[in-house]
Amino acid sequence: METLAPELLIKQKKEIIKDLPALENAENGVVMRLAPNPSGPLHIGHTRMAILNDEYVKRYGGKLIVRMEDTNPPTVLPEAYKMILEDLDWLGVKYHEVVNQSERFDIYYEYAEKILAAGHGYMCSCESEAWRKLKDEKKECPHRSTAPEVNLELWKKLLAGGFKVHEISMVVKTDINHPNPAVRDFVAMRMVEEPHPLTGTKYKVYPLYNFSVAIDDHLMGMTHVLRGKDHLNNTIRQIYVYDYMGWPKPVFIHYGWVSIEDTVLSTRQIKAAIGEGQYTGWDDVRLGTVSALARRGIAPGAIRQYWNDVGAKAVDIRFSWENLYAMNRDIIDNDAVRLFFVRDPHARPITGIEKLHSSAPLHPERPELGKREVNMEGDIEVWLTSEDLEMAKPGSILRLKDLGNFEIQGTELKYIGNDLDVLKKGAKIVHWVGPDSFDTEVLMPDGSRITGLAEKTTMYYLGKVVQFERFGFVKLDSASTNGRIIAYFANK
RNA sequence: GCUCCCGUAGUGUAGUGGCCAAUCAUGAAGCCCUCUCGAGGCUUCGACGCGGAUUCGAAUUCCGCCGGGAGCACCA
């Protein structure tokens with residue numbers, strides 16, 4: 001066995017792939033959607049809806065539509081359209097169509113008119129605060145009983161530009177006596193003067209979330225709507241539109257709230273902070289954006305597995321970086337080359353030998369990835385981390401990994417052979433770098449920086465995820481012209 | 001205040017009346033292995049929020065309580 005198939009002995013990975021629960025009414029394929037607001041790129045929180053929807057579409061076959069919900073010009077970030085799609089691509093999400101709500105206004109107008117004509121909506125010129133107060137008290141506002149013909153006239157006047165901002169809006173009736181205040185009548189269309197990044201000033205009358213979503217979900221043939229629990233009340237409101245129009249309803253699934261600690265996620269905050277130069281950009285490794293995770297060496301497969309594992313139940317959960325990192329480690333461990341990195345390095349001259357040679361595999365389980373060789377001659381000096389040096393008492397023996405055994409003599413290291421038996425006598429294995437190493441700076445997710453020396457070979461793996469032994473997995477980002485390496489910490 | 005959702009180990013998760021003195025992953029502790037504090041192997045720790053009811057039998061059903069979360073925008 002060992003000679004025939006050694007890989008079977010080494011890599012018996014526990015491949016327990018947990019399946020998402022089955023979807024109702026999905027036997028004949030599904031149509032699902034991702035409906036991001038293009039106010040910024042995706043962050044770790046958004047990846048749940050992306051992965052879950054993608055997983056189901058892949059499983060049952062069908063179509064995944066990306067629908068940019070860009071109906072509020074002030075919050076639209078023009079670059080976000082592209083960034084979101086790049087994030088999805090990186091995540092391995094297969095979408096079949098991309099549509100922008102900002103280009104579908106004529107459709108929303110058509111349905112607004114139908115709703116008004118049928119008496120299911122009204123044109124309201126109440127001051128918004130007063131209107132809300134009436135709703136709280138389950139009282140109708142004076143416009144709620146306006147005749148459809150009058151409403152239609154007002155609607156036409158609105159479209160023709162006959163009103164100013166905030167002067168009038170179109171409201172969809174639900175049930176003014178509904179026990180749940182979150183569900184009573186909602187504004188469906190309103191005027192916006194700010195130009196839209198995509199359509200400019202072509203339209204002035206904008207739909208609001210619940211209205212455009214209900215219409216689009218139906219028109220685009222959605223069979224399943226899988227979104228967060230925070231939309232529970234929105235679903236109830238949207239169902240009123242379905243019922244007014246006599247549309248069949250998709251299957252609605254609401255997964256629980258995810259609380260993500262220790263991570264900056266607020267698009268608005270990030271945007272402001274980038275402007276102030278506090279972050280280098282949307283992919284600053286301190287952020288929880290998808291691009292930041294990518295930059296840090298988090299594998300898309302780890303994120304996918306994480307959400308698959310969590311599933312789509314309605315329980316509120318805490319996001320666990322620890323669990324994500326464990327999944328990430330599983331994935332990257334196999335390909336990450338092992339290299340030496342010495343933090344807070346201190347030089348130590350070597351005595352007792354003129355020539356030293358080190359040869360070690362780049363990956364302990366994968367000899368095919370090759371070896372790295374180090375040759376040193378003459379007045380040899382190596383660098384060790386202060387942490388190891390503090391532990392080592394004078395006269396004790398250190399095993400410099402893949403190099404040799406050394407006795408501590410003051411600030412010098414005396415070569416005493418290369419026999420691994422010293423390990424059995426309690427010699428400690430430490431990591432080291434030679435004179436041709438590179439200054440390296442590792443940026444940690446918390447914003448701190450760890451500086452040290454990385455061995456020469458590191459330079460050949462720029463752009464890759466590697467393991468700095470006894471330190472952790474890092475993504476080697478770049479090297480400046482003077483040879484300083486910048487790396488980002490992924491996980492231990 | 002009103003309404004809704006939820007409640008299994010530290011974190012997630014399986015479990016839909018008996019197979020549960022509760023699954024798996026992650027975590028922690030220990031041992032083995034390994035020239036890494038990684039990987040791998042083994043062992044251990046750790047949970048059904050509480051109280052009633054139904055039942056021969058409940059983590060699974062019902063009621064009450066407690067606890068957590070969300071929504072109540074001319075944001076999405």
Side-chain angles (χ1 to χ4, degrees), chain A residues 9-14 16 18 21 35-39 69-72 74-76 101 124 126-129 131-132 135-136 138 165-171 178-184 186-192 205-210 212-213 227-237 254-259 267 305-311 313-327 329-330 332-334 336 338-340 360-361 363-365 399-405 418 420 422-423 427-431 467-473 491-492:
Chain A
L9 287 177
I10 305 165
K11 285 282 161 187
Q12 277 284 357
K13 280 272 174 196
K14 60 276 154 149
I16 301 154
K18 219 182 79 195
N37 171 0
S39 57
E69 313 238 301
D70 54 350
T71 57
N72 189 34
T75 61
V76 173
Q101 287 194 315
C124 183
C126 287
E127 207 270 317
S128 64
E129 216 166 298
W131 180 74
R132 258 185 284 155
K135 275 207 309 178
D136 279 348
K138 299 187 179 177
V165 177
H166 296 310
E167 236 178 348
I168 199 162
S169 59
M170 183 248 167
V171 178
H178 202 290
N180 184 349
V183 172
R184 296 173 204 148
F186 62 91
V187 179
M189 307 288 299
R190 91 305 198 175
M191 242 189 104
V192 176
V205 180
Y206 281 68
L208 260 346
Y209 179 76
N210 282 295
S212 52
V213 163
R227 74 226 302 195
K229 231 165 113 179
D230 44 326
H231 287 293
L232 235 22
N233 286 324
N234 289 326
T235 299
I236 300 174
R237 296 201 267 205
H254 302 95
Y255 53 78
W257 178 260
V258 183
S259 93
T267 304
Q305 198 197 324
Y306 183 86
W307 291 124
N308 242 329
D309 202 55
V310 168
K313 344 191 264 184
V315 220
D316 298 336
I317 59 161
R318 277 161 185 271
F319 180 80
S320 163
W321 288 104
E322 197 179 66
N323 288 17
L324 176 70
Y325 292 154
M327 291 168 184
R329 196 181 303 126
D330 257 7
I332 62 182
D333 180 69
N334 199 242
R338 312 299 147 122
L339 297 168
F340 288 7
H363 193 294
E365 279 100 42
R399 168 68 190 175
L400 269 57
K401 197 183 175 214
D402 305 316
L403 184 69
N405 309 324
N418 196 16
L420 287 177
V422 296
L423 295 177
K428 195 173 178 294
I429 296 169
V430 299
H431 289 76
Q467 187 200 41
F468 280 158
E469 287 197 14
R470 273 166 83 217
F471 181 80
F473 293 92
N491 53 259
K492 186 90 180 148

Next on the checklist: Can you check the distance between B:C50 and B:U8, where both ends of the measurement are the P atom (answer in whole Å)?
Outcome noted: 11 Å
(message) Suppose you measure atom C1' in B:U60 against the same atom in B:A70; what distance do you get, rounded to whole Å?
(response) 26 Å
Winner on side-chain proximity to A:N323, out of B:C35, B:U26, B:C72, is B:U26
Here the helical stems involving RNA chain B, each at least 3 consecutive Watson-Crick or G-U pairs closer than 3.5 Å, sorted by first residue number, are B:1-7 with B:66-72, B:10-12 with B:24-26, B:27-32 with B:40-45, B:49-53 with B:61-65
OP1 or OP2 of B:G27 versus the side-chain N and O atoms of A:R329: is any pair under 4.0 Å? yes
Report which part of the nucleic acid A:T71 touches: base, sugar-phosphate, or nothing (heavy-atom distance under 4.0 Å, all strands). sugar-phosphate
Tell me what A:E322 touches on the nucleic acid: a base, only sugar-phosphate, or nothing, going by heavy atoms under 4.0 Å. base
- Message: Using atom P in both nucleotides, what's the gap between B:G49 and B:A58 to the nearest angstrom?
- Response: 15 Å
Could you check whether A:L232 gets within reach of a base, just the sugar-phosphate, or nothing at all, counting any heavy atom under 4.0 Å?
sugar-phosphate
A:N233 has its side chain closest, among B:G71, B:U11, B:U36, to B:G71
With a 4.0 Å cut-off on heavy atoms, is A:D402 in touch with a base, just the backbone sugar-phosphate, or nothing at all? base
Return the orientation label for the A:Y209 and A:H231 ring planes: parallel under 30°, perpendicular over 60°, tilted otherwise. parallel
Next on the checklist: Between B:U54 and B:C62, how many Å separate the two C1' atoms, rounded to a whole number?
Outcome noted: 7 Å
